[in-house]
Amino acid sequence: MHAIKRRALLLAAAAMLLFGIGAYAGAAAPDAVSIANFAFSPTPLTVAPGTKVTWSNNDEEPHTVTSADGGKMFKSPALDTDDKFSFTFAKSGTYKYFCSIHPRMVGTIIVK
Amino acid sequence: MDTRDKESLVNTRRGLLKCMAWAGTGIVWGVVGGVPKGVPISMGLGGTALAATSAFTFVQISDSHIGFKADANPDPNATLKDALDKAVALKPAMMIHTGDVTHLSKPEQFDTADQIIKGAKLDTHFVPGEHDVIGDDGKMYFERFGGKGAAPGGWYSFDQGGVHFVALMNVIGFGPSTGATLGKDQIEWLEKDLEGKSASTPIVVLAHIPLWSIYPQWGWVTADADQAFAHLKRFGSVTVLNGHIHQVVQKVEGKVTFQTAMSTAFPQPAAGTAPSPGPMKVPADKLKSVLGIREIAFMAAAAPKLTDQTLA
């Protein structure tokens with residue numbers, strides 16, 4: 001009984017490890033946000049502290065990446081088609097941002 | 001005609017333009033046909049002296065997006081020049097540009113736009129678009145195109161041809177999920193600006209983003225515009241000229257005529273007909289038929305006649 005329980009626990013741990021690795025490998029670039037059709041994707045994006053997140057504008061329309069505090073924390077210039085912008089999130093927290101040209105476009109980076 | 005009705009009627013670009021032409025004609029008949037020229041009794045003018053009967057005309061251009069270089073128009077400099085040629089040919093008293101002069105608020109884009117527009121040698125009044133104020137809250141824009149005597153927020157007014165022009169600013173101060181607003185300061189300024197003006201004074205209101213709700217899902221709306229119109233409702237003729245949506249959409253509400261303008265650079269899809277309001281690509285030989293300018297002609301102290309024309 002005791003041995004079975006321990007084996008089950010080990011299996012569960014192995015499964016968790018596999019799943020964890022699987023999820024990590026499955027995402028093409030866990031530090032990238034695409035801007036397309038006037039939307040940020042993925043959002044929210046969860047990253048570890050210290051991660052440099054890069055946004056790429058795939059629209060024919062310019063967009064910006066502006067922190068929700070009015071751009072005090074981070075603010076990209078106008079990103080034309082194919083332009084990129086990066087920001088490194090040092091500390092844990094939930095960071096909301098938007099496009100200052102099209103403010104209905106909002107996104108979130110979760111750092112933990 | 002209500003915008004929603006129009007949307008349901010119109011599902012092609014050609015149909016939209018046809019419908020717009022019809023809408024424009026409606027205005028002409030409403031004024032020239034419906035109101036005897038020089039006797040604007042329907043305006044409740046009472047004993048007010050009639051204004052000079054000679055027409056005062058000006059031109060509206062919009063959304064020149066200098067610096068745009070995607071497929072929808074590889075050469076917006078050339079189409080702006082075409083638009084200006086059309087404008088000059090109309091011999092207007094002046095010209096207004098209802099914003100998005102540039103595409104990305106870059107110094108070289110402002111310089112190019114300035115040079116091309118100055119080439120037309122027309123007295124030009126501007127309002128900024130959201131593309132003109134990226135990153136610096138319009139500092140570079142206002143240095144070049146800010147109105148004379150503009151308030152710190154960038155709004156201003158002037159009088160010409162017996163018409164009072166109010167140039168409003170609704171493209172700065174966006175926040176997450178919060179788009180165009182006029183703001184308390186500007187609305188208070190408007191109230192004071194209009195104080196003492198006779199109700200018979202024709203008013204033209206300029207702003208980049210539409211001052212009525214066309215399609216909020218795409219940000220085609222100014223949240224607090226109603227508060228501004230509360231101060232305008234006593235006037236007999238109010239004409240609201242907007243840009244932003246790169247197509248003509250019109251609404252008449254009482255004595256207020258709202259009308260958006262074509263771009264000189266590229267068209268955008270009709271509200272809700274595409275996944276996003278991004279630039280709409282049309283065949284190169286059709287481009288000029290969806291770009292255009294507008295002539296606004298005031299016949300005496302009545303509502304003006306608005307005529308849109310494409311660059312084709």
Side-chain angles (χ1 to χ4, degrees), chain A residues 33-47 53-87 89 93-111, chain B residues 63 65 67-74 76 99-100 102-107 109 128-138 140 170-181 208-209 215-223 244 246 265-269 274-281:
Chain A
V33 178
S34 165
I35 308 172
N37 272 325
F38 288 61
F40 297 107
S41 175
T43 183
L45 173 71
T46 303
V47 297
V53 175
T54 300
W55 288 262
S56 309
N57 182 14
N58 301 307
D59 265 351
E60 282 203 351
E61 176 77 5
H63 298 293
T64 74
V65 177
T66 306
S67 57
D69 59 3
K72 288 189 191 83
M73 185 178 179
F74 55 95
K75 180 168 93 170
S76 79
L79 302 177
D80 206 352
T81 308
D82 297 332
D83 282 356
K84 292 179 196 306
F85 170 73
S86 296
F87 182 79
F89 291 86
T94 298
Y95 303 95
K96 291 186 183 293
Y97 63 93
F98 71 116
C99 167
S100 63
I101 310 171
H102 311 99
R104 298 184 67 86
M105 293 169 58
V106 293
T108 303
I109 305 291
I110 297 167
V111 183
Chain B
D63 294 86
H65 284 265
F68 182 82
K69 54 183 190 293
D71 290 348
N73 182 354
D100 283 357
T102 70
H103 194 53
L104 298 169
S105 306
K106 291 189 172 165
Q109 296 175 351
E130 75 284 358
H131 285 249
D132 298 319
V133 300
I134 305 167
D136 70 347
D137 280 348
M140 279 187 286
N170 59 358
V171 296
I172 290 178
F174 293 177
S177 304
T178 308
T181 57
H208 177 66
I209 294 180
Y215 198 63
Q217 296 92 321
W218 283 358
W220 294 359
V221 61
T222 301
H244 188 57
H246 298 214
F266 57 86
Q268 280 179 265
S276 77
M280 186 167 78
K281 205 181 160 196

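Below, chain A is the first sequence line, B the second, and so on; all start at residue 1. Worth knowing before you read on, the calculation uses all heavy atoms, side chains too, and leaves out hydrogens, waters and symmetry mates.
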Chemist: Could you tell me which portion of B:S177 (side chain, backbone, both or neither) has an atom closer than 4.5 angstrom to a non-hydrogen atom of chain A?
Modeler: both
Chemist: Check each atom of A:N37 against the heavy atoms of chain B and say whether the ones under 4.5 Å are side chain, backbone, both or neither.
Modeler: both
Chemist: Is it the side chain or the backbone of B:K69 that comes within 4.5 Å of chain A heavy atoms, both, or neither?
Modeler: side chain
Chemist: I'd like to verify something: which residue of B:G175, B:G219, B:G278, B:A274 has the highest number of heavy-atom pairs under 4.5 Å with chain A?
Modeler: B:G175
Chemist: Is it the backbone or the side chain of B:I134 that comes under 4.5 Å from a heavy atom of chain A, or both, or neither?
Modeler: side chain
Chemist: Considering the options A:D83, A:I35, A:T64, which one meets the side chain to side chain contact (heavy atoms under 4.5 Å, CB included) requirement together with A:W55?
Modeler: A:I35
Chemist: Can A:K84 and A:S56 be counted as having a side-chain donor-acceptor contact under 3.5 angstrom?
Modeler: yes
Chemist: Say whether B:D132 and B:S105, considering side chains only, have a donor N or O and an acceptor N or O under 3.5 Å apart.
Modeler: no
Chemist: Tell me yes or no: between the side chains of B:H103 and A:E61, is some donor less than 3.5 Å from an acceptor?
Modeler: no
Chemist: Going by distance alone, is a donor N or O of one side chain under 3.5 Å from an acceptor N or O of the other, for B:E130 and B:H208?
Modeler: yes
Chemist: Need one label for B:D71: side chain, backbone, both or neither, based on atoms under 4.5 Å from any heavy atom in chain A.
Modeler: both
